[in-house]
Amino acid sequence: MSAPNSSFDPVEVTPLHPDEVARMREEALAAIEAAADLAELKEVRLAHASDRSPLALANREIGALPPAAKAEAGKRVGGARRDVGQALKERQAVLEAERDERVLIEERVDVTLPWDRAPRGARHPLTTVAERVADLFVGMGFEIAEGPEVEAEWFNFDALNFLPDHPARTMQDTFFVEGPDGGESGLVLRTHTSPVQVRALLTRELPVYVVAPGKTFRTDELDATHSPVFHQLEGLVVDRGITLAHLRGAIDAYVEGVFGKGLRTRFRASYFPFTEPSAEVDMECFVCRGASVGDPDAACRTCSSEGWIEIGGCGVVNPRVLTAAGVDPEVYTGWAFGLGIERTLMFAYGVRDMHDMVEGDIRFASAFGSEN
Amino acid sequence: MRVPLTWLREYVDLPAEVTARRLADRLTLAGLEVETVDALGADITGPIVYGKVLTIEELTGFKKPIRFCTVDVGRANGTGEPQEIVCGARNFSEGDLVVVCLPGAELPGGFRIGARKTYGRMSEGMICSASELGLWEDHTGIVVLPEGFGQVGEDAIGPLGLREDVLDIAVTPDRGYALSIRGVARDTAALYGVDFHDPADMDVPRPTGEGHPGRIEDPELADRLVLRGASGFDPEAPTPLWMKRRLHQSGVRPVSLAVDVTNYVMLELGQPLHAWDRERLSGTVAVRAATAGEKLETLDHVQRSLDPDDIVIADDTGAQALAGVMGGVDTEIGLTSSEVLIEAAHFDTRRIARASRRHQLSSEASRRFERGVDSAVQLAAATRAVELLAELGGATVESAYTDLDRTTKRRPITVKASHAGSVAGVDYPEGTTQKWLRAIGCAVETDGDVVRAVPPTWRPDLTDPNDLAEEVIRFEGYENIPSIRPRASGRGLTSSQRLRRAVGRVLADVGFHEVLNYPFLGERDLDGLQLASDDDRRSALRLANPLNDGEPMLRTTLLPGLFKALARNVGRGMNDVALYEMGLVYRPRPDAPPAPILPVDRAPGADELALIDAALPEQPRRVGVVIAGQVERAGWWGPGREALWADAIQAARDIARVAGVELEVEAAQRTPWHPGRCAALYVRVDGERLLVGHAGELHPRAVKAFGLPERTAAMEVELDRIERARTPVVAPRVSTYPVATQDVALVVDDSVPVERISEALAEGAGELLESVRLFDVYTGEQVDEGRKSVAFALRFRAEDRTLTAEEAGAARDAAVAVAAERTGAVLRG
């Protein structure tokens with residue numbers, strides 16, 4: 001390297017001569033352009049952009065120039081190096097893209113190959129439907145109440161105003177639990193989820209807004225539409241100023257939530273000992289919307305061409321039930337309903353036979369996934 | 001209750017244009033659920049006409065006697081010539097008035113009548129029997145009508161009432177009044193706002209003297225007894241066609257005039273009647289309780305042992321009828337009975353219900369008494385019956401009769417006039433309540449905004465203000481009630497409820513299908529599990545009335561149900577099956593007392609509820625799984641993996657993880673698991689170890705007993721117990737410093753459980769340890785016989801600094817030292 005020399009003309013230093021810098025730049029750019037792949041480009045980078053490249057070496061000469069000449073020479077060499085660097089970067093991107101296109105194509109696989117190595121299971125649709133219905137009410141601020149399946153007769157009947165010899169008590173086809181030595185136990189398999197009403201009122205603070213999904217039992221032989229073990233969802237509201245209008249609103253919420261908007265519901269006066277007044281609830285058939293009634297050519301399998309589908313029973317909580325549960329019927333009123341989960345599933349998904357719901361065949365539950 | 005529409009119309013001025021279908025819809029919405037509308041005779045087409053038999057020629061030489069008849073059908077056949085008809089019946093004579101089907105007519109069931117050659121003659125039609133016309137069941141011959149019943153050649157379809165719409169109403173237990181034409185007519189009249197003519201509204205002259213002696217021994221048994229006689233009755237008098245037809249349409253079989261009359265009046269007025277042969281009765285007719293050991297043969301020819309709770313109708317010789325349920329054979333009205341005594345009584349509802357249940361005998365009478373019969377209709381009903389016997393059977397109505405009336409006046413129900421509206425959520429116009437209560441027969445007084453209503457005698461169901469509200473609302477119509485969505489401010493699901501859902505989802509995610517098995521168990525199931533005779537799972541609740549005698553118990557374990565469901569799936573060709581169930585088991589408490597029946601006029605006290613709790617079995621929630629076949633399938637990626645004991649245990653660990661609880665696993669022996677491949681599963685509750693269940697491979701004997709695939713694995717845990725081990729989560733501080741990993745290989749005796757080694761390592765490693773994980777187990781040449789080499793990966797990390805190699809090494813050495821001390825582990829060279 002030369003010593004500083006004020007009389008020295010940069011133009012006279014060969015590597016820094018403008019023509020020489022331009023030549024080195026052109027040479028580098030040409031080599032970059034000519035690099036056919038990433039490996040060649042790597043060579044080019046070494047030759048023209050490394051610390052040993054001609055432009056880098058030229059750059060070192062700048063220090064030997066007189067101060068007046070340094071700026072111009074620096075500008076000239078720096079510009080050339082920048083251009084070379086930019087060209088390298090661009091060529092690198094182009095060559096990488098070319099490589100990616102080629103290599104990744106070569107790596108392609110058959111994405112239709114199965115990967116059912118560890119198959120998933122499924123929850124039972126009765127479970128998920130019950131949750132779905134319960135959640136409709138949880139969304140309205142209700143809580144989920146629970147009670148035992150083996151229940152005291154008092155909770156299952158007496159507290160619900162089923163008098164000891166009332167015909168309604170025999171209508172229920174009750175499973176009775178045998179006491180010790182074959183005597184009476186005072187216990188039954190609950191015939192409905194309604195005893196949870198009494199339990200909820202006895203244990204919760206008023207007002208009470210609850211739903212109670214659960215298993216229920218009656219002595220029906222298993223057939224296409226009956227099962228000795230089935231599921232209900234009880235609803236109970238006890239508050240001040242509660243009327244049938246709120247009950248209707250709750251039923252409508254269920255129908256809309258499960259079957260969709262715009263379906264009419266109707267109440268038919270009926271009888272349950274624990275509600276007075278009582279009603280059976282129907283919803284408009286969501287398949288034919290009543291078009292099948294009286295038209296044998298348009299028979300509807302879903303509603304048997306009745307136009308209506310029975311979905312449950314309901315009514316105003318009998319003040320006698322409130323009394324037995326320690327609630328003052330002069331101050332509080334309420335309503336209750338009971339919906340069938342099996343019926344909901346049958347209608348919502350077209351399940352034809354109760355056997356499918358009780359036999360535990362994995363093909364049945366699988367069809368529903370884990371959440372539906 | 002089957003209601004022929006023309007019968008109903010006799011008591012309601014129902015507009016002619018109201019069809020049976022429309023009426024059915026209205027009644028149904030108002031609480032009288034019409035299950036079906038039977039359009040009887042809708043498929044009948046004429047010509048069906050009256051005919052007079054002119055000549056009968058007996059044809060012989062056939063297997064049965066056959067008659068060739070000529071019948072005058074007027075001009076109905078177009079010619080006026082006698083109609084020639086071949087007939088197989090023999091119960092008619094020349095000159096009889098009969099019903100003739102002419103060719104072209106169609107009878108019920110699509111039975112077309114044509115002219116055809118039969119028995120060597122042309123038969124141009126048919127002389128009809130009651131069955132063929134759909135009138136009632138009678139295959140003994142053709143219908144012979146009384147002289148003058150109709151004009152020869154005239155249409156008989158209308159006059160015979162061959163077409164009738166019948167409403168079949170499913171009467172709810174509270175509406176006993178609707179088990180009568182009278183009751184349905186009253187509601188119908190109210191619904192349509194038309195006049196109602198009460199068939200029980202009749203002036204019955206006071207008795208001219210004592211009738212047949214009668215006695216009510218206890219007014220608790222019955223509060224009304226009417227005995228009214230009809231003498232000189234012609235036992236051979238036939239029941240008129242209209243009555244038989246109506247009985248048949250109402251579902252009651254015609255028997256004989258005396259019996260038919262009692263049934264007819266029962267259908268009309270709702271009052272069950274009994275017709276006695278007075279000559280077979282000796283002495284006073286008494287309503288009394290049966291005596292213990294008393295016997296009675298009822299009309300269905302069953303010898304019954306009576307209970308002191310039964311009510312009987314007795315004469316001086318003993319019980320003659322099971323009151324309100326069924327009569328006895330000894331005093332049955334017979335073909336020669338000419339002295340008829342009609343009994344109409346009002347029995348205690350609950351006693352009749354009990355008797356009907358006790359004797360498993362449900363009759364038209366008991367169904368009505370159980371639901372409540374009008375307590376003021378007995379005299380009208382008995383009178384109506386004897387008058388019919390007089391009119392139709394030539395009897396003389398006795399003007400002296402017995403009427404014992406112990407009924408009490410009903411007290412008024414006081415209710416706010418606005419009550420019905422506040423129940424419904426509808427602002428009904430003033431006077432609405434009073435209007436409807438009067439329509440159903442209440443005596444109503446209004447005092448300001450208070451209404452005092454005395455319910456009618458036929459509505460024993462009306463006792464409370466809400467009963468009255470229901471009457472108002474059902475007539476006003478439920479369709480007028482607005483729909484208001486309720487809003488509450490609950491706190492969402494409980495953590496226990498959320499846990500259950502999450503457990504289900506996790507099990508489904510890892511491959512298990514949920515099943516919902518019946519909770520019924522049999523001895524065979526318990527034996528199949530290979531349970532010892534003293535196993536606690538054999539101590540199960542029993543049902544008094546199981547559906548299947550082979551399964552009288554309530555489950556104490558979920559396993560048999562799961563096993564059977566698995567076998568069912570395998571039997572249907574599914575080889576790889578993993579099932580789970582979440583549900584209750586029922587554990588009886590030893591020496592549990594019976595659950596008391598508490599009062600209902602107040603809330604039970606804590607002490608009373610405790611008595612119920614003491615009687616109820618424990619009902620913990622369990623989760624069980626069973627798994628067989630491949631859990632990982634073979635495929636293009638390589639071989640599959642068969643389910644094994646470890647999958648069952650892992651399912652329990654997965655459940656515990658959902659709950660945020662660590663499961664401790666220990667070798668155990670418990671049926672129905674393989675004794676060498678069974679784990680007991682524990683959690684820690686306040687430092688104490690609590691057994692939550694077992695898992696592993698099943699014992700080959702259990703596998704065989706339930707027909708399961710070999711090596712089937714199963715798990716059962718009590719979710720409630722896992723829940724008890726849950727503790728509040730303390731959020732960890734997540735260190736961002738690098739991890740230091742150290743692997744150690746230890747040689748231990750084969751019998752040392754891995755879990756004990758990893759526990760020791762964890763304890764020895766101290767606070768810097770982030771995790772310890774077993775990654776290899778080796779037995780073979782490189783280790784001594786009876787020993788195994790286990791390799792663990794230890795990860796160390798500090799919260800506040802990068803660990804040096806020395807620190808990590810020291811922690812590892814400390815871990816190994818504790819493992820060596822506890823388990824005899826030696827660091828492998």
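Quick note on labels: first sequence line is chain A, next is B, and so on, each numbered from 1.
- When heavy atoms are compared at a cutoff of 4.5 Å, B:T28 approaches chain A by way of both its backbone and its side chain.
- Looking at B:L598, both its backbone and its side chain come within 4.5 Å of chain A, counting heavy atoms on both sides.
- Residue B:E581 touches chain A through its side chain alone, counting heavy-atom pairs closer than 4.5 Å.
- Residue B:V631 touches chain A through its backbone alone, counting heavy-atom pairs closer than 4.5 Å.
- Listed for the A:D181 side chain is no donor-acceptor partner under 3.5 Å among the backbone atoms of A:G183.
- The structure places CG of B:D309 at 4.0 Å from CZ of B:R358, a figure rounded to the nearest 0.5 Å.
- Highest contact tally toward chain B, considering only A:A159, A:S278, A:G294, A:A279, is held by A:S278 [criterion: heavy-atom pairs under 4.5 Å].
- With a threshold of 4.5 angstrom between heavy atoms, B:R500 approaches chain A through side-chain atoms but not through N, CA, C or O.
- A distance-only check finds no donor-acceptor pair linking the side chain of A:W154 to the backbone of B:I612 [under 3.5 Å].
- For B:L609, the part lying under 4.5 angstrom from a heavy atom of chain A is the side chain only.
- For the pair A:R248 and A:F267, the cation-pi criterion (under 6.0 Å, within 45° of the ring axis) is fulfilled.
- Cation-pi geometry between A:R199 and A:F155 is met: under 6.0 angstrom from the ring centre, within 45 degrees of the axis.
- Between A:W115 and B:W637, the ring planes are perpendicular. Angles over 60° get that label, and only those under 30° would be called parallel.
- Most heavy-atom pairs under 4.5 Å with chain B: of the set A:M357, A:E184, A:E146, this distinction falls to A:E146.
- The choice from A:S366, A:S270, A:P180 that makes the most heavy-atom pairs within less than 4.5 Å of chain B is A:S366.
- For B:N545, the parts sitting under 4.5 Å from any heavy atom of chain A are the backbone and the side chain alike.
- Interface remark: B:Y586 contributes side-chain atoms only to the contact with chain A (heavy atom separation under 4.5 Å).
- Of the atoms belonging to B:D601, it is backbone heavy atoms, and not side-chain ones, that fall under 4.5 Å from chain A.
- When heavy atoms are compared at a cutoff of 4.5 Å, A:R320 approaches chain B by way of both its backbone and its side chain.
- The parts of B:I597 that come within reach of chain A are both its backbone and its side chain, each placing non-hydrogen atoms under 4.5 angstrom from that chain.
- Between A:F137 and A:F337, the ring planes are tilted. Angles from 30° to 60° get that label.
- From A:K215, atom NZ reaches atom CG of A:L126 across 10.0 Å, with rounding to the nearest 0.5 Å.
- Residue B:A170: no heavy atom, backbone or side chain, is found under 4.5 Å from chain A.
- Contact of B:D576 with chain A is made through the backbone alone, with heavy-atom distances under 4.5 Å.
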